[in-house]
**Student:** 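Please find one structure pasted underneath; my questions will follow.
The structure displayed is predicted, hence computed values, not measured ones.
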Amino acid sequence: MYAQPAPPAQPPRQKRRPKWPLALLALVLVAALGTGGRLLWGAGDGTKTSNGAATRQGPLDIRETVEKKPASPTGKMAFRFSVDDLSPGEHYQMPGMWATDKIIAKGINKTVIGLRIGTDATPGDEKWKLPLDGPICGYTRHVTNDHRTAVLFRANDLGTAFCNHVAFFDLDDGREIWDADFPVSELGDGHGMATGGDTQDTPSVTLVHGTVVVTWGGGTDAYRMKDGTRAWETVSSGSCQDMGAAGGGALLVRQQCWNDKAPADSTDATTYKARKVDPTTGRVLWTYSAAKGIRDLDIPSAEPPVLVVQAGGIGLSGMLSTPRASPGPSSASRTAPTSASARTTTT
């Protein structure tokens, strides 16, 4: 699923440096809930194809998660972590949370920590810590079958630092597999170089089989999971920029396009596209162009492809699902996919 990356981390505003940047934090994960969110766990080691046959997944595949109906509406605490050493007015971002069968990992400002499930923990009880050079500024919910994921982080603690680094790490032991930097582009429809983190297009990160994919406005960079080498890269052309991607079983890139001839407050000033991209080569397989007047486009699922659009004044209002493309020349065309269903939603 493509989701907006974590908002820009605020610079520290403190008279003293706390051991952990959290004030009276309690992270509580419930093993079973009658309503609301549920903790998602990996289910098995294979997936079913359209004909019902199971295909075994490898370690570089993205873990598929399944929501199971709770056995009871009464929940119990699975994990808690709390500290209370922040001064009044201090503020830190806490982006990202991931779970394996034994570990809960949480991003806290410029560090990712891992704690054992089933513990009532305090600072110092972490199984591992992964320090980063700067605050976390983006993450993906996806996890590989061998329990690895990725985050974006800033170059340093300064408020103007670029969000231009990606780290791929192991959730079981906190080991960083590799990190790399990527380009930045000027905020909005410009094609110049950003002068600081507050003037750059918002980047995003996602995972697809064997590949970590980063969109950064002016293009998309893909890195091999095994060693962090760049697998491919694309540069946005014309008036469109790569502004987010959805991964998992496939790769869809969200594009935002500007029409300088239209009035700035017109709905025709900005249009949106979704592109299915081969995660191995970066080749575009098909492109869906949203109708003029659409105010926003989101991609909750890449496989099967599901697009959500905002057609009205407030909130996402329509869902478009598409059938899986069949192999052959038709799946490589650059035309929009055929709609399988479209319905209004209440989200």
**Student:** Quick check: does any side chain N or O of S239 sit under 3.5 Å from a backbone N or O of W258, one acting as donor and the other as acceptor?
**Tutor:** yes

**Student:** Is it the case that the side chain of E176 and the backbone of L130 share a donor-acceptor pair, with hydrogens and angles ignored and the cut-off at 3.5 Å?
**Tutor:** no

**Student:** For the atom pair CD1 (I113) and NZ (K129), what is the distance rounded to the nearest 0.5 Å?
**Tutor:** 8.5 Å

**Student:** Output every pair passing salt bridge (Lys or Arg N to Asp or Glu O under 4.0 Å) with a member in residues 164-175, not counting sequence neighbours, ordered by first then second residue.
**Tutor:** R148-D170, D170-R175, D173-R175

**Student:** Quick test of your reading: applying salt bridge (Lys or Arg N to Asp or Glu O under 4.0 Å), list the pairs with at least one residue in residues 212-226, sequence neighbours left out, ordered by first then second residue.
**Tutor:** D221-R230

**Student:** Any side-chain to backbone donor/acceptor pair from T211 onto T280? Under 3.5 Å, distance only.
**Tutor:** no

**Student:** Okay, side chain of N145, backbone of G58: is any donor-acceptor separation there less than 3.5 Å?
**Tutor:** yes

**Student:** Less than 4.5 Å apart, any side-chain heavy atom of R254 and any of M243?
**Tutor:** yes

**Student:** For the pair W128 (side chain) and L171 (backbone), establish whether a donor and an acceptor sit closer than 3.5 Å, ignoring hydrogens and angles.
**Tutor:** yes

**Student:** Would you check if the side chain of S236 reaches a backbone N or O of G217 as a donor-acceptor pair within less than 3.5 Å?
**Tutor:** yes

**Student:** Spell out, as yes or no, whether a donor-acceptor pair under 3.5 Å connects the side chain of W98 to the backbone of H142.
**Tutor:** no

**Student:** Would you find a donor on one side and an acceptor on the other, under 3.5 Å apart, between the side chain of K106 and the backbone of V112?
**Tutor:** no

